[in-house]
*Asks:* 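I have a structure here, written as structure tokens, and I will follow up with some questions on it.
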Amino acid sequence: MAAEAPLRFAVIGAGMSGILAAIKLQEAGLDDFTIYEKAERLGGTWRENTYPGIGCDVPSHLYSYSFAPNPEWSHRFSPGDEIQAYFEGVASRYGVEGRIRYGEEVSRCVFERGRWRLETKSGLRDEADVVIAATGVLHHPNLPGIAGLDRFEGALFHSARWDHGVRLDGRRVGIIGTGSTAVQIVSALVDRVAGLSLFQRTAQWIMPQENPVYSDAEKSGFRQHPEQMRQLHGDLSKLFAQGFSNAVVDAGSPQMQMIEDACRANLESSVRDPVLREKLRPSYRAACKRLIISPDFYQAIQKPNAQLVIEGIDRVEGGGVRTRDGRLHELDVLVLATGFRVDRFVRPMHVVGQRGQQLDERWSKRPDAYLSISVPGFPNFFMLNGPNGPVGNFSLIEVAELQMAYILQLVEQLRSGRCRMLSPREESTTRFEADREEAARRTVWSTGCRSWYLDDRGIPAVWPWTFDRFREEMARPKLEAWTLEG
Ligand SMILES: Cc1cc2nc3c(=O)[nH]c(=O)nc-3n(C[C@H](O)[C@H](O)[C@H](O)COP(=O)(O)OP(=O)(O)OC[C@H]3O[C@@H](n4cnc5c(N)ncnc54)[C@H](O)[C@@H]3O)c2cc1C
């Protein structure tokens, strides 16, 4: 059977993954696509998170598309606005920026008579043979259920909705949360504010990491010899795969021990006051929660105007935060650095597959997907950075690139006319999930901490094997795991 018309694609989301999908479709000669983006600007995470101190915590020359190295990165770990500008620059240079329909949130995606029918909130309709959902992971802010939040009389916002109209200098600022975001905010704000209170529920291990600038000579070298950046990207990728990704999936490995030793030495050598040091000492293993990388958090939290509050929040009142010991911490600004609802993925989009199957129903307990890419009964619907994929302290760009290369090989089955519909077999998905869960129990994420990696049963909802295994799995689809129809 020959394909009658060129395949039409809908890419949902214009963050790092959606831009990547569009560039790769174009490169493969699959030119009939539209990118739907609900916001008025591309960039996803890097458009939404503009808090003071934001930066990536994997090296910038690794947190770049492999095909678009950037000689202009200012630092080893560059700030958020540079990352946003990078994605905007790449989208424009590769000619995909003009393919984005901004302000269009896809609200429904229904599979009917062999095609996906999409509808946006504004009522726009489209049809596509293939959907690539690049709707993000760390996207829906998680608002804590703390009593009295609505009663606070100062300025209150989530870290991903930073209100730049609020004056911070010389004021009393409270931060709830101790993840990577909170740590970056503390370091950036401590010298600007009158008082900084960090409300800690769980102490965090901090991996020390300097963040040097790239000199003009280094940048010029990169410009003249782009192969140096490619080399650096490759070297960093290997380093992260071997040194970190492989360590976390084997809690007893020597690499894991090295990470733990580095974190412990950082705490011992950086925090002078023994009482504060114990407050900052986690009671679980390093990297059980997402490891925090910071050159200066311990220095910041020891400044005289900084205060680490571990008493637990009882409620928020008009004037500040009341802790369980009865004390009121008076504040002008309260920041919720409380992370994201990480189990949402393509939701709240309403997705209906074959035989009226609803994704909401299938995912009512928790999301699943074969290899984190696709769900049985939802043909030609592929996700980038979907459920249970690799997350951790490495580049999600690399993850998305590998996933996209895998998806394009599946699409080739459609383009060549071998079939019209592709979805993973139910048995493959069940087996994958069972193996994944079993392996996840042996990872460092299962060693006894509360973290956003854990699902409702306490099982890490992540890729639990080495990064090399992920690479191998993504290199070539095993078609026997898929149903090819039509
Ligand atoms: C503060 C912070 C720091 C991070 N640091 C790192 C790091 O150092 N290294 C790393 O690898 N990763 C990091 N991440 C993870 C980061 O999310 C990914 O690296 C990457 O940016 C994800 O890109 P994405 O395109 O998959 O998703 P997103 O960037 O979330 O983009 C999704 C896009 O889809 C749009 N969208 C969603 N639903 C719809 C819909 N129904 N219709 C239309 N549009 C829709 C959204 O508006 C958004 O623009 C960080 C995340 C955060 C929050």
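No hydrogens, no waters, no symmetry mates; every other heavy atom, side chains included, goes into these values. Whatever order the structure lists ligands and atoms in, that order sets their numbers, starting from 1.
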*Asks:* Centroid separation under 6.0 Å, is that true for the rings of Trp46 and Tyr63?
*Replies:* yes
*Asks:* Can you list every pair where an N/O of ligand 1 is under 3.5 Å from an N/O on the protein?
*Replies:*
unit_1: ligand 1; atom_1: 8 (O); unit_2: Asp57; atom_2: N; d: 2.7
unit_1: ligand 1; atom_1: 8 (O); unit_2: Asp57; atom_2: OD1; d: 3.0
unit_1: ligand 1; atom_1: 11 (O); unit_2: Phe394; atom_2: O; d: 3.1
unit_1: ligand 1; atom_1: 11 (O); unit_2: Leu396; atom_2: N; d: 2.7
unit_1: ligand 1; atom_1: 17 (O); unit_2: Thr45; atom_2: OG1; d: 2.7
unit_1: ligand 1; atom_1: 19 (O); unit_2: Tyr63; atom_2: OH; d: 2.5
unit_1: ligand 1; atom_1: 21 (O); unit_2: Trp46; atom_2: NE1; d: 3.2
unit_1: ligand 1; atom_1: 21 (O); unit_2: Tyr63; atom_2: OH; d: 3.2
unit_1: ligand 1; atom_1: 25 (O); unit_2: Met16; atom_2: N; d: 3.0
unit_1: ligand 1; atom_1: 25 (O); unit_2: Ser17; atom_2: N; d: 2.8
unit_1: ligand 1; atom_1: 25 (O); unit_2: Ser17; atom_2: OG; d: 3.4
unit_1: ligand 1; atom_1: 26 (O); unit_2: Ser17; atom_2: OG; d: 2.6
unit_1: ligand 1; atom_1: 29 (O); unit_2: Thr45; atom_2: N; d: 2.8
unit_1: ligand 1; atom_1: 29 (O); unit_2: Thr45; atom_2: OG1; d: 3.2
unit_1: ligand 1; atom_1: 41 (N); unit_2: Val106; atom_2: O; d: 3.0
unit_1: ligand 1; atom_1: 42 (N); unit_2: Val106; atom_2: N; d: 2.9
unit_1: ligand 1; atom_1: 44 (N); unit_2: Lys38; atom_2: N; d: 3.1
unit_1: ligand 1; atom_1: 47 (O); unit_2: Glu37; atom_2: OE2; d: 2.7
unit_1: ligand 1; atom_1: 47 (O); unit_2: Arg47; atom_2: NH2; d: 3.0
unit_1: ligand 1; atom_1: 49 (O); unit_2: Glu37; atom_2: OE1; d: 2.6
unit_1: ligand 1; atom_1: 49 (O); unit_2: Glu37; atom_2: OE2; d: 3.2
unit_1: ligand 1; atom_1: 49 (O); unit_2: Arg47; atom_2: NH1; d: 2.9
unit_1: ligand 1; atom_1: 49 (O); unit_2: Arg47; atom_2: NH2; d: 3.3

*Asks:* What residue pairs, at least two apart or across chains, pass ring-ring contact (aromatic ring centres under 6.0 Å, His included) with a residue in residues 337-364?
*Replies:* His158-Phe340
*Asks:* What residues, two or more places apart in sequence or in another chain, satisfy ring-ring contact (aromatic ring centres under 6.0 Å, His included) together with Phe222?
*Replies:* His61, Tyr214
*Asks:* State plainly whether the residues Asp126 and Arg8 are in salt-bridge range, i.e. N to O under 4.0 Å.
*Replies:* yes
*Asks:* Hey, can you tell me if Tyr453 and Trp445 have their rings parallel, tilted or perpendicular (30° and 60° cut-offs)?
*Replies:* perpendicular
*Asks:* Could you list the residues that satisfy salt bridge (Lys or Arg N to Asp or Glu O under 4.0 Å) with Glu401, not counting sequence neighbours?
*Replies:* none
